[in-house]
Amino acid sequence: MDYIDPHLHMVSRTTDDYETLARMGCVAISEPAFWAGFDRGSVESFRDYFRQLTDFEPKRAAQYGIAHYTWLCINAKEAENVSLSREVIAMIPEFLECKNVLGIGEIGLNKNTRNEATIFLEHVDLAVKHKQQILIHTPHLEDKYQGTRMILDMLMGDSRIDRSRVLVDHVEEHTIEHVLENGFWAGMTLYPVSKCTPQRAADMIERYGPERLMANSAGDWGPSKPTAIPDLIMELKKRGHSRELIQRVVYENPKTFFSQSKPFPH
Amino acid sequence: MSTKQPMAERSATQIVADEFMIARAKIVELAATLDRIERASGNVDDSKNMQLLVQGIHILIDDQVEKAKRVQLLMSRDYDPEWQNIMSISKKGG
């Protein structure tokens, strides 16, 4: 079955992973900008990273017939450095016309601090001013509930935000309802330990239905599995769900959401 | 359990049949972790994490629904609706 992985950090994966993804049915991915595992020291490091996301990775993906899209930002972990964050935000418009850029992301909170919230709001302002879609990172573990509620407060406090153009990622059992009931898209991140398993994602699909809901693998440099979406497809098949339902979550929904950005084929 | 989901294709009987071995393995893992703690030196009576584990286990065996969500909330920091005032963060964008 063809599928789209809407949140996959391919800069931290090998070319072999692209081949495996293609064999598993992955036809497109979107790669949000994220933390590199260390704090970068200058705006030039981000400029090089954005060149990698907008030039090199699309070519690597294309070798295996996979379409590569991306989102740009400075992530929440590095947002504690407010001056660097502002330099990066000022530089992002240089890349917004690149043909694989879908919007601003993954912006959000990490430890739910004032500096993180300040830089989050400045990213949101950038997105609104440039009519960009937004991809949101919600914190992990004990910070997730508080951080998700804070993010939603900030988004809903801005009347300029079109909620149908915002994807809130890493939802789990205690946050999904707040995201969906307020009109945002929700992403479930399938991860071996700290996030959501394919089984729990299948539970949430059964509980809330497929409307504005999608799944991703994150596939970053931590313990993660870039082929986690095929695991979800298998789980849903085992439970007897229809091909139409599965296809809606893993293909149609990402396509519908991304189609609101100019670079994505309509 | 009172919250039956309309999209679920499987009956409760079927789910127990399908997932018994998986759930059994997870219970044994949890039991072995508690044994390991018990055998080790030191005292965890004042450990907040240990208290959270015990409270989480109580949720598993109570008669209330939404167990996964309640365990998640148990293990979460509190949300204060007044956080924007406390942090002096603007409430209005644009």
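A, B, ... follow the sequence lines: proteins, then strands. Residue 1 opens every chain.
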*Asks:* If we ignore angles and hydrogens, is there a donor and acceptor under 3.5 Å between the side chains of A:Asp203 and A:Gln199?
*Replies:* no

*Asks:* Measuring heavy-atom distances to chain B, does A:Thr148 have an atom under 4.5 Å in its side chain, in its backbone, in both, or in neither?
*Replies:* neither

*Asks:* Regarding B:Arg77 and A:Gln146, is there a side-chain donor-to-acceptor distance under 3.5 Å anywhere?
*Replies:* yes

*Asks:* What's the spacing between A:Arg163 CZ and A:Asp158 CG if we round to 0.5 Å?
*Replies:* 10.0 Å

*Asks:* Output the option from B:Lys69, B:Gln14, B:Arg70, B:Met75 having the highest count of non-hydrogen pairs under 4.5 Å with chain A.
*Replies:* B:Lys69

*Asks:* Shorter than 4.5 Å, heavy atoms on both sides: which option in A:His174, A:Lys144, A:Lys238 has the most such pairs with chain B?
*Replies:* A:His174

*Asks:* Do we see a donor-acceptor contact under 3.5 Å between the side chains of A:Glu78 and A:Asn81?
*Replies:* no

*Asks:* In terms of heavy-atom proximity below 4.5 Å to chain B, should A:Glu177 be classed as side chain, backbone, both, or neither?
*Replies:* side chain

